[in-house]
Amino acid sequence: MALRVWNTLTDQKEELKPIVPGEVGIYVCGITVYDLLHLGHARFLVAFDTAVRYLRFSGVKVKYVRNWTDVDDKIIRRAGERGIAPTVLAAQFIDEARKDMLELNVVPADVEPKATEHIAEMVDIIQRLIDKGHAYAVNGDVYFAVRSFPPYGRLSRRNLDDLLSGARVDTNEQKRDPLDFALWKATKPGEPESVSWPAPWGRGRPGWHIECSAMCQKHLGVTFDLHGGGKDLVFPHHENEIAQSEAASGKPLANAWLHNGFVTLDSEKLSKSLGNFKTVRDLLQNWDGEALRTFLLSTHYRSPINFTYEAVAEADRRVDVLYEAQGKALAYLAQKKFAGQGKALESALTAFREAMDDDFNTARAMADLLALYSQINAKVDGKAAPQEVADLLESAKVTGAGLGLGWRPATEAVLRRRTLAAARKGIDPQWVAERIEARLLARKEKRYPDADAIRAECAAKGVELRDGPAGTDWRVPA
RNA sequence: GGCACCGUCGCCAAGUUGGUAAGGCAAGGGACUGCAAAUCCCUCAUUCCCCGGUUCGAAUCCGGGCGGUGCCUCCA
C-alpha cells in the first residue's frame, strides 16, 4: 500500500515519500479573514481535512499547519468601514469560520498560525533575501527580484517572457522589473498603527506571499512534505512562495504541491465580482453540513465541482441512506440481542485504501461506502447472521470516519437532521404529531380515504409519513 | 495573445503507467404496503465530443478539429 498524490510541481502522480518515515508535515494556505467562508473555502477545507484524515487512518503521524491571513488590504479596508481595528475584524471572522468548519466536520489543524504573529520571522527572511541579492528596498517597500531566481515559473509552468506579454502587468515604477513582487509594504499615511510594524527598511506590513514562507518554515522546517491550496494559488502565490523560500534557504520548500479545483456555479468559478458566490453560512440555513461535505467529496478534489441545489439535495439523500441503514442495522442487532462487537472487514478496508491511495479518490471511496450500506440493508432484509451485519456496520463506520462522514450516532443524526429540516421549512413537530394521531384513528376505523387525505396534507408541507411496525414516523425529505 | 485543464448513459460521476466502460440520481418491471415511504431483486452506455494515427488491442497514447473552463490582477 502506497499513497500516490498528484504533484503540481512534477505534473504527475507520485508516491508520497515522507522525509521522516511515518510522519508527514503538511501546510495548507488558509483563509484571509475579512468575510464569512464561501463554498470555495469549504471545498479546500474539506479536501485537505479528508487528506489529513486519510493519512492518519493510514497510521501516519501528521502535523497539519493551516494559517489565518489576518492582515491584508481587504481586511484593513473593511475594518476601516466598520470603524474597528483590523485585528478585531480578523478575530471575528476567525470565530465565524470555526463555527462553519464545525458544521462541515473539518477538524482544527495542529497549528493554526496567524500572519501577524510571525512578523519577526518574515523580517528575517526578507533581510536574508536582501543580503543575498534577491531583494531590494525602495522607499520603505521591499521587492523580490524575480530574475535573480532562475527556477521562477517552474511550478506554474510559465516563463517570464510569457508573463510579460500577458495583458496586465503592474507598472509600479519603483520596481526594477515589472514581474517583481512586494515582500514588504511601507505604511502609508492614514493606515492604522495596529497593522504597522517596525523593520530595517521602515515601518510597514508584510506582502501577501511572505507570510506563508515564514509560517511554514517555522512550524514545519525548511523543507517539508506537502503544501496545498486552491488551484488559483498556483500562480502567483505559490510560485512566489517558492521563490522567496528557496532563494533564502537554498533548499526545496515542499516535496509535493497539492491543489484543489474550483467550485463553480453554472459552470463558472465562484467570484465576488460575478456576484455568484455562496457563503457557507447561507447554505447551512438550508442544508445539513454533512450534506455539504458529502456533496464536496462526491467529486475528485482536483476536478471542478459544479454547485447546484439538485446536487446538494442528492448528497443530502445520500446522508439519509447512510444513517437510515445504520439505524436499521442497530435495530436489527438489538432485536437479535446481539451483544458482540463488529469487526471491520479486510475487503472493505482494502477497497477504501485502494481508492484513497489513488490521490485521495473520495468519489470512489464514497461509492464503496454507499455499497456497504446497501449490503447492510440487504443483509438485514435477508435476516442474515447478526455478526455479519455488525461487521459490515463496523466497516462502514470505520471507512466513513476516514471521510468524515456518518460519524454521528444514527438515532441522534436522524432526529437532528429532521429537526433542522423541519425548522427550515417552518414545520411544527407538534402539528405533525397531531396529524399522525388523526390518521392513526382514521386507519383504525378503516377510513382510508381520510387517512390518505392526511398523508397528502402532510406531503404538501414537505412531511413524509412512514408507517412501520413501531407506529408511524415522519421525516422531511430534501 | 501566452500557459494549463476538461468533454464518459437524460443528470451527477469513477476509470487516462492501453487489455476490452464502477457507482449514485432519474426511468421501467417485481417483492413488501390498505395506500405510501424506506428497503431488497431485476432492467438500463458493444460505447466514452469529432476525424485521423500508433497498437494484437485505446475512453485511456500521438496529431488535427470542435466545444467548455481556468490562470496570466485579489482569489480556495
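- A donor-acceptor contact under 3.5 Å is not formed by the side chain of A/Asp73 with the base of B/C74.
- Counting all heavy atoms, side chain and backbone alike, A/Ile454 lies closest to A/Arg435 at CG2-O, 3.6 Å.
- Note: CD (A/Glu324) to P (B/U39) measures 7 Å, nearest angstrom.
- Under the side-chain contact (heavy atoms from CB on, under 4.5 Å) criterion, A/Thr308 pairs with A/Asn306, A/Glu310, A/Ala311, sequence neighbours left out.
- Taking the ring centre of A/Phe235 as origin, the terminal cationic atom of A/Arg158 falls inside the region bounded by 6.0 Å and 45° from the ring axis.
- The listed nucleotides are B/G15, B/A76, B/C35; the one nearest the side chain of A/Asp358 is B/G15.
- Counting non-hydrogen atoms under 4.0 angstrom, A/Gly261 reaches a base of the nucleic acid.
- Salt-bridge formation is not detected for the pair A/Asp357/A/Arg4: no Lys NZ or Arg NE/NH1/NH2 atom is positioned less than 4.0 Å from an Asp or Glu carboxylate oxygen.
- Here the P atom of nucleotide B/C5 and the CG atom of A/Asn260 are 17 Å apart, to the nearest Å.
- Following rounding to the nearest Å, A/Arg443 (CZ) and B/U33 (P) show an atom-to-atom distance of 12 Å.
- Side-chain N/O atoms of A/Asn306 include none lying less than 4.0 angstrom from OP1 or OP2 on B/C12.
- Distances from the side chain of A/His38 to the nucleotides B/A76, B/C71, B/A38 place B/A76 closest.
- Side-chain N/O atoms of A/Asp452 and base N/O atoms of B/G34 include a donor-acceptor pair closer than 3.5 Å.
- Atom CG in A/Leu233 sits about 10 Å away from atom P in B/C72, given to the nearest Å.
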Quick one, give me the B/S/- string for nucleotides 17-26 of chain B, reading 5' to 3', where B means a protein heavy atom under 4.0 Å from the base and S means that only happens at the primed atoms, P, OP1 or OP2.
-----BSBS-
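- Going from the P atom of B/U17 to that of B/A27 covers 36 Å, rounded to whole Å.
- Distances were taken from every side-chain heavy atom of A/Arg455 (C-beta onward) to each of B/C41, B/C35, B/A13; the shortest belongs to B/C35.
- Heavy atoms of A/Leu465 sit under 4.0 angstrom from at least one base atom.
- Taking every side-chain heavy atom of A/Arg157 into account, B/C3 is the closest of B/C3, B/C74, B/A76.
- Distance CH2 (A/Trp474) to C1' (B/A36): 17 Å, rounded to an integer number of Å.
- When the C1' atom is compared between B/G53 and B/A58, the two are found 12 Å apart, to the nearest whole Å.
- Both thresholds, 5.5 Å between centres and 30° between ring planes, are met by A/Tyr448 relative to the base of B/G34, so the two rings are stacked.
- As judged by a 4.0 angstrom heavy-atom cut-off over every strand, A/Asp473 is placed among residues making no nucleic acid contact.
- Within the structure, a side-chain polar atom (N or O) of A/Asn377 is placed less than 4.0 Å from OP1 or OP2 of B/C40.
- Nucleotide B/C32 forms a pair with no other nucleotide shown, judged by Watson-Crick or G-U wobble geometry with both contacts under 3.5 Å.
- With distances taken from any side-chain atom of A/Ala451 to the nucleotides B/G34, B/G2, B/A38, the minimum falls on B/G34.
- Atom CD in A/Glu239 sits about 13 Å away from atom P in B/C72, given to the nearest Å.
- At the heavy-atom level, A/Arg439 lies under 4.0 Å from base atoms of the strands shown.
- Heavy atoms from other residues, nucleotides or ligands lying under 6.0 Å from NZ of A/Lys379 number 12 at most.
- Listed nucleotides B/G34, B/A37, B/G70 differ in distance to A/Arg466; the shortest reach to its side chain belongs to B/A37.
- For B/U69, the paired base is B/A4 (Watson-Crick or G-U wobble, both distances below 3.5 Å).
- Base pairing of B/A13: no nucleotide in any strand meets the Watson-Crick or G-U wobble criterion (both distances under 3.5 Å).
- Remark: A/Tyr301 pairs with no residue by the ring pair (Phe, Tyr, Trp, His ring centres under 6.0 Å) rule, at least two apart or across chains.
- Among the protein residues, A/Ala378 comes within range of the sugar-phosphate backbone only, with heavy atoms under 4.0 Å from sugar or phosphate atoms but none that close to a base.
- We find that A/Lys17 and A/Asp225 are not joined by a salt bridge, their nearest charged nitrogen and carboxylate oxygen being 4.0 Å or further apart.
- Across all strands shown, A/Lys446 has no heavy atoms under 4.0 Å from either base or sugar-phosphate atoms.
- Taking the ring axis of A/Trp474 as reference, the NZ or CZ atom of A/Arg418 stays within 45° of it and closer than 6.0 Å to the ring centre.
- A straight line from CG of A/Leu160 to C1' of B/C72 spans 13 Å, rounded to a whole angstrom.
- Comparing B/A76, B/A14, B/C71 by their closest approach to the side chain of A/Phe235 singles out B/C71.
- Here B/G15 is the nucleotide among B/G15, B/G34, B/C72 with the atom lying nearest to any side-chain atom of A/Asn361.
- A salt bridge links A/Asp467 with A/Arg443: the distance from a Lys NZ or Arg NE/NH1/NH2 to an Asp or Glu carboxylate oxygen falls below 4.0 Å.
- Distance A/Ile305 CD1 to B/C11 P: 17 Å, rounded to the nearest Å.
- Nucleotide B/A27 has B/U43 as its partner under the Watson-Crick or G-U criteria, with both atom distances under 3.5 Å.
- One C1' atom belongs to B/G19, the other to B/U55, and the distance between them is 11 Å to the nearest Å.
- Backbone-only contact: A/His300 has heavy atoms under 4.0 Å from sugar-phosphate atoms and none from a base.
- Judged by closest nucleotide on RNA chain B, A/Arg302 is the one of A/Phe44 and A/Arg302 placed further toward the 5' end.
- RNA chain B is contacted by both A/Ser156 and A/His237; A/Ser156 maps to the nucleotide lying nearer its 5′ end (nearest heavy atom per residue).
- Backbone-only engagement by A/Gly230 is indicated by non-hydrogen atom pairs under 4.0 Å involving sugar-phosphate atoms exclusively.
- Summarising the base pairing, B/C48 is matched to no nucleotide, lacking a Watson-Crick or G-U wobble pair whose two defining distances lie under 3.5 Å.
- Salt-bridge annotation for A/Glu324 and A/Arg466: present, with a side-chain N of the basic residue lying under 4.0 Å from a carboxylate O of the acidic one.
- Heavy-atom neighbours of A/Arg154 CZ from other residues, nucleotides or ligands within 6.0 Å: at or below the threshold of 12.
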